[in-house]
There are 2 protein chains.
Amino acid sequence: MIKKTEQKIKDAALAVFIQKGFVNCTSREIAREAGMNVALVNYYFRSKSKLFALIFESVMQDFLKSMVQVFCSDLPFREKIRLLIEREFAFLAEHPEIPNFVLNELSRNPKAIEDMLPVLQMVDESGVFVEAKKLQSTGEMRSMDMVQITLLIVSNCHYPFMAEPLMKVIHGVNDKEYKAQLKTHKTHVISMILNYLFPNDKILLNA
Amino acid sequence: MIKKTEQKIKDAALAVFIQKGFVNCTSREIAREAGMNVALVNYYFRSKSKLFALIFESVMQDFLKSMVQVFCSDLPFREKIRLLIEREFAFLAEHPEIPNFVLNELSRNPKAIEDMLPVLQMVDESGVFVEAKKLQSTGEMRSMDMVQITLLIVSNCHYPFMAEPLMKVIHGVNDKEYKAQLKTHKTHVISMILNYLFPNDKILLNA
DNA sequence: CCATAATTTAAACAATTGTTTAATTTCTCT
DNA sequence: AGAGAAATTAAACAATTGTTTAAATTATGG
């Protein structure tokens, strides 16, 4: 029975924090969402901040877990990229608010970055950067900094979900239509990035 | 003398709202930034919300003005794209917080969208969409929905500025280094997008 | 069954919020 | 210079915030 309420509050906190952000929601809102008394939030988690830190860390885990998994696989590099983008789109279709949630928290509280370092370490240890540099040194892959490769991939995966309200009003499309757009957009993103990173593959990828 | 304090408050509000967002800042903070009494904020602007609406509208103007200007020019289509990206990067280098500011406000207050419609109308009237469709019908430009073309451009221009804190920690770079990365990233974005939109130009653009 | 601990509750806490009021200062104009 | 308007101020307003307290309820273990 102990777990019941504690977990209910955690679930409610996840939903509310992601939807509204840390500052834009109240302890009472979380309690209400969990169907519990306000004081229970602090009884189980000491403070709103402590609870948020907990939630944030677990979200970051989910956020990066799949990425690391792909990097550690023994797929050929191009397939890693392709699978990574596929998974990002699938994940973000379920949790479109997360990129905003993470970026906002990082700008509000730069120290939150430290919680991410262990997971980021795993990306580094996967050897994917080394693999990329090797492909670049043979001339098979376009020579560009890892920062920019990351930017290319993440920009084209995250932003389309972050900007959904903006895009919908600009082009006057509804929910269903936009979801459909995202689905085909994913294929464009994959082609465009692979084309750009591997110019010599172009004919194959474009077929 | 009347304009002095009113303008000072507006300036302070712009700075504070952009840096912290609407909910994450206080009237007293704006007043302090302006060096004025709190009551003056409401004396001149009725309420914090009214002041924000004013600021938001003017920011959106700046945000879209340059875009419309490019679209209305008589440059060839490819050059419009190139110039658009150049200007976006230049503008965002000066105001990197604006994309986040806009997206957050739109998710917080969906009705704010209505303020943007007049400016968006101007984009439509520039005929740039018609121009694109014509290029697509001749097969010169890749066939894809306007939503996705917009997404490609805006994703690759805005996200790199929005994700600066995230990217800096992921790759362990400092301010100066990241600014430099952005500069060269711009050229990649231009090449990649033009390559993808106009596959037949590839050799030329890649030279 | 009962005492002890754990859980839950309602109420209050001080701090901060946006906003208003009423008094005071500063400006404007004849 | 002085009356009336505008601008500015300090103070207070009610509402909401995160958090704490102290009492009430429930569960636990001998």
Side-chain angles (χ1 to χ4, degrees), chain A residues 1-59 101 104-112 115, chain B residues 1-59 101 104-112 115:
Chain A
M1 290 303 171
I2 295 175
K3 275 288 171 63
K4 206 83 160 276
T5 60
E6 188 173 349
Q7 191 58 43
K8 272 186 188 171
I9 293 173
K10 257 169 132 172
D11 293 345
L14 175 68
V16 174
F17 279 143
I18 283 189
Q19 201 213 333
K20 300 213 170 191
F22 178 73
V23 281
N24 203 5
C25 77
T26 70
S27 302
R28 283 165 178 83
E29 201 171 350
I30 295 172
R32 199 184 320 127
E33 174 88 10
M36 302 289 159
N37 188 286
V38 205
L40 285 178
V41 175
N42 280 9
Y43 176 76
Y44 281 104
F45 302 98
R46 304 278 309 276
S47 74
K48 185 190 175 190
S49 299
K50 294 262 197 336
L51 174 56
F52 182 84
L54 216 68
I55 300 294
F56 183 76
E57 197 181 333
S58 93
V59 165
F101 172 77
N104 279 338
E105 175 55 13
L106 286 190
S107 82
R108 190 186 66 86
N109 171 25
K111 291 188 66 181
D115 295 334
Chain B
M1 289 301 177
I2 295 174
K3 274 290 173 60
K4 205 83 160 277
T5 61
E6 189 173 349
Q7 190 58 43
K8 272 185 187 172
I9 293 173
K10 260 169 131 172
D11 293 346
L14 174 69
V16 174
F17 278 143
I18 283 190
Q19 199 212 333
K20 299 215 170 189
F22 179 72
V23 280
N24 203 5
C25 77
T26 70
S27 301
R28 284 167 177 80
E29 201 172 350
I30 294 171
R32 199 184 321 126
E33 174 87 10
M36 302 288 161
N37 188 286
V38 205
L40 285 179
V41 175
N42 281 8
Y43 176 76
Y44 281 105
F45 301 98
R46 302 277 309 276
S47 74
K48 185 190 176 190
S49 299
K50 293 263 200 330
L51 174 56
F52 182 83
L54 215 69
I55 299 295
F56 183 75
E57 198 183 331
S58 92
V59 165
F101 172 76
N104 280 338
E105 174 55 12
L106 286 190
S107 83
R108 189 185 67 87
N109 171 28
K111 292 188 65 181
D115 295 335

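Below, chain A is the first sequence line, B the second, and so on; all start at residue 1.
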Does the side chain of [X] reach to within under 4.5 Å of the side chain of [Y], using non-hydrogen atoms?
X	Y	value
B/Ile30	B/Phe17	yes
B/Gln19	B/Cys25	no
A/Phe45	A/Lys10	yes

Q | Euclidean distance, A/Leu40 CG relative to A/Glu6 CD, rounded to 0.5 Å | A |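 Nearest 0.5 Å value for the CD-CG distance: 11.0 Å.
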Q | Value rounded to 0.5 Å, distance of CD1 in A/Ile9 from NZ in A/Lys4 | A |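 Going from the CD1 atom of A/Ile9 to the NZ atom of A/Lys4 covers 13.5 Å.
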For the pair made of [atom1] in [X] and [atom2] in [N], what is the distance, rounded to whole Å?
X	N	atom1	atom2	answer
B/Asn42	C/dT19	CG	P	5 Å
B/Ile9	D/dT8	CD1	C1'	10 Å
B/Lys48	C/dG18	NZ	C1'	8 Å
B/Leu40	C/dT21	CG	C1'	14 Å
A/Tyr44	C/dA6	OH	P	11 Å
B/Gln7	D/dA7	CD	C1'	17 Å
B/Lys4	C/dT26	NZ	C1'	14 Å
A/Lys8	C/dT7	NZ	P	15 Å

**Q.** N/O (side chain, A/Thr5) to phosphate O (OP1/OP2, C/dT8) under 4.0 Å
**A.**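 True: A/Thr5 side-chain N/O within range (under 4.0 Å) of C/dT8 OP1/OP2.
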Q) Under 4.0 Å: is that the gap between some side-chain N or O of A/Tyr43 and OP1 or OP2 of C/dT7? A)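 It does, given that an N or O in the side chain of A/Tyr43 lies less than 4.0 Å from OP1 or OP2 of C/dT7.
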Q | Nearest non-hydrogen partners of B/Ala34 and B/Lys8, listed with the distance | A | CB-O, 3.7 Å
Q. Hey, does B/Val41 reach any base, or is it just sugar-phosphate, or nothing, if we go heavy atoms under 4.0 Å?
A.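 No contact.
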(Q) Taking the minimum atom-to-atom distance to the side chain of A/Ser47, which one of C/dT9, D/dT19, C/dG18 wins? (A)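 Ranking C/dT9, D/dT19, C/dG18 by closest atom to the A/Ser47 side chain puts D/dT19 first.
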Q.
Students often mix this up, so state it plainly: with edges at 30° and 60°, are the rings of A/Phe101 and A/Phe52 parallel, tilted or perpendicular?
A. tilted
**Q.** Members of residues 24-37 of chain B that approach DNA chain D, where some heavy atom sits under 4.0 Å away
**A.** B/Arg28, B/Asn37
